[in-house]
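So the structure is just underneath, and the comments pick up after that.
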Amino acid sequence: PGTYMDQHGRTKQFRELSDYVAKCMNQHGICVVDNFLGDMPGEEILKEVQDLQSRGTFQDGQLVSSKGVQSSQNIRGDQITWVDGTEPGSKAISYLVSSMDTLLMYCGQRLKPVSIRGRTKAMVACYPGSGKGYVRHVDNPNEDGRCITCIYYLNKGWDSRETGGLLRIYPEGRSEVANIEPIFDRLLFFWSDRRNPHEVLPAYAIRYAITVWYFDTGERLRAKQRYRLPVESEKHPKWTPQHHPLPVTN
Ligand SMILES: Cn1c(O)c(C(=O)NCC(=O)O)c(=O)c2ccccc21
Ligand SMILES: [Mn+2]
């Protein structure tokens, strides 16, 4: 039987990790964390995503462009579904999202100048591997409130030389690009605004990812006033470290 990694051990790990994430975000605006949760929890999350897919909950992603919704099946093969973590069969996804929340909470005020108090639900995405990718875009080009994009990848043994599917980021004002392999148990953060245009290169194998966008409190409030959304419509995670049973770790 495995030993429980004690809550204290994990807290210490997250504190150190948050030092790295805060520094990396302020320096580069892009941050990669490998082996975020470990093999076991990663496998649990992958299983839940595959179950979601087998239950047919994924629908084709719509490309919402500034000209309103246009169906884009021919451009993007991605399929998406939204999970808030309370649905049956989403315990591991919920553990992932609360781990993301906790890590960002430990970053606290160091992620200047944003102050994060809310986020979207988790968007589970699957590229079927038919050679489609995702056109180059900016997640938040018009100050809709989203400040940090957080993506968790689930693809075991992914090798983009074989199966493509690289995330390519073109950091604004820089000559070099960032090529991110969507490998299993990898966590990625980047600023959601125009600093990080990005694209997903055509994928030739099934490619899973789970994305959460974190809101900057001020920007989100202003965006709501512009569109008169009820301010309470956001799911505000409580910022106390979530008490949840830690997975058995060998
Ligand atoms: C399916 N999919 C996406 O894959 C990305 C995206 O940037 N993905 C990056 C990645 O998976 O590495 C998106 O930004 C996105 C935005 C709205 C709807 C669907 C979307
Ligand atoms: Mn994107």
Side-chain angles (χ1 to χ4, degrees), residues 5 9-49 80 82-85 90-108 110-111 114 116 118-127 134 139-140 146-158 160 165-169 171 178-192 195-196 198 200 203 207-215 237 239 241-242 244 246-247 249:
M5 179 173 53
R10 189 170 171 74
T11 304
K12 185 170 163 305
Q13 194 189 22
F14 268 38
R15 273 190 200 293
E16 279 151 20
L17 200 47
S18 71
D19 296 342
Y20 164 69
V21 172
K23 202 161 70 55
C24 197
M25 283 302 284
N26 287 324
Q27 215 161 5
H28 308 291
I30 301 170
C31 177
V32 174
V33 173
D34 279 327
N35 308 311
F36 178 51
L37 296 178
D39 222 48
M40 299 271 290
E43 295 276 359
E44 289 300 306
I45 296 164
L46 177 57
K47 236 179 16 234
E48 286 187 358
V49 169
I80 61 172
W82 291 90
V83 172
D84 71 11
S90 68
K91 221 158 55 76
I93 294 175
S94 161
Y95 176 76
L96 165 69
V97 174
S98 67
S99 301
M100 290 170 170
D101 288 349
T102 306
L103 177 51
L104 273 182
M105 184 265 297
Y106 279 127
C107 291
R110 288 176 291 172
L111 286 173
V114 296
I116 291 171
R119 58 164 164 77
T120 65
K121 296 181 183 180
M123 181 186 80
V124 183
C126 167
Y127 288 79
Y134 197 108
D139 282 352
N140 173 17
R146 291 177 293 166
C147 62
I148 290 185
T149 303
C150 183
I151 308 180
Y152 182 74
Y153 295 108
L154 290 157
N155 308 294
K156 290 222 142 186
W158 190 274
S160 61
L166 270 182
L167 168 65
R168 180 160 292 161
I169 308 180
N179 294 316
I180 318 273
E181 295 261 3
I183 59 172
F184 179 76
D185 200 20
R186 168 170 280 181
L187 191 67
L188 166 70
F189 296 94
F190 57 86
W191 299 120
S192 309
R195 284 172 283 182
N196 289 314
H198 55 281
V200 177
R207 181 190 189 274
Y208 292 115
I210 299 177
T211 303
V212 169
W213 282 277
Y214 286 90
F215 292 116
W239 283 109
Q242 318 268 338
H244 42 72
L246 287 172
T249 57

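Note that these values count all heavy atoms, side chains included, but never hydrogens, waters or copies made by symmetry.
- Put simply, the side chain of D34 reaches to within 4.5 Å of the side chain of I183, judged on heavy atoms.
- Note that CZ of R168 is 11.0 Å distant from CD1 of I180, once rounded to the nearest 0.5 Å.
- Here N196 contributes atom CG and H28 contributes atom NE2; the two are 12.5 Å apart, rounded to the nearest 0.5 Å.
- To the nearest 0.5 angstrom, F215 atom CZ is 7.0 Å from R146 atom CZ.
- R110 has its side chain out of reach of M25: every pair of non-hydrogen atoms, C-beta onward, lies at least 4.5 Å apart.
- Using modelled atom types, no side-chain atom of N179 and backbone atom of L166 make a donor-acceptor pair closer than 3.5 Å.
- Here the side chains of E44 and K47 are in contact, with some heavy-atom distance below 4.5 Å.
- Under a 4.0 Å N-O distance rule, the pair E16/K12 qualifies as a salt bridge.
- Taking both residues in full, the closest heavy atoms of V32 and Y20 are given as O-OH, 3.1 Å, listed atom of the first, atom of the second, then distance.
- Taking the six-membered ring for Trp and thresholds of 30 and 60 degrees, Y127 and Y134 have ring planes more than 60 degrees apart, a perpendicular arrangement.
- Distance CG/N155 to OG/S160: 11.5 Å, rounded to 0.5 Å.
- Atom OG of residue S94 and atom CG of residue D101 lie 9.0 Å apart, to the nearest 0.5 angstrom.
- Residues I210 and A122 come closest through the heavy atom pair CG2-CB, 3.9 Å.
- Side-chain atoms of R207 come within 3.5 Å of backbone atoms of G165 as a donor-acceptor pair (strictly under, hydrogens ignored).
- Between F36 and L96 there is a side-chain heavy-atom pair separated by less than 4.5 Å.
- Between atom CD1 of residue I169 and atom CD1 of residue I30 there is a gap of 4.0 Å, rounded to the nearest 0.5 Å.
- Enclosure of atom NZ in K156 by more than 12 non-hydrogen atoms of other residues, nucleotides or ligands within 6.0 angstrom is indicated.
- Within the 4.5 Å cutoff, no side-chain heavy atoms of D39 are placed close to those of D185.
- Two residues are said to be in side-chain contact when any heavy atoms from C-beta on lie closer than 4.5 Å; V212 and Y152 fail this criterion.
- When atom types are taken as modelled, the side chain of T149 and the backbone of W213 share no donor-acceptor pair closer than 3.5 angstrom.
- Checked against C147 for a side chain to side chain contact (heavy atoms under 4.5 Å, CB included), the options L111, I116, D139 give a single hit: I116.
- The side chain to side chain donor-acceptor pair (under 3.5 Å) test applied to Y153 returns no partner, not counting sequence neighbours.
- Judged by distance alone, the side chain of E48 and the main-chain N or O of I93 form a donor-acceptor pair under 3.5 Å.
- Every residue meeting the side-chain contact (heavy atoms from CB on, under 4.5 Å) condition with C150, not counting sequence neighbours, appears here in chain and number order: M100, L187, F189, Y214.
- Heavy-atom minimum distance, K121 versus V83: CB-O, 3.4 Å.
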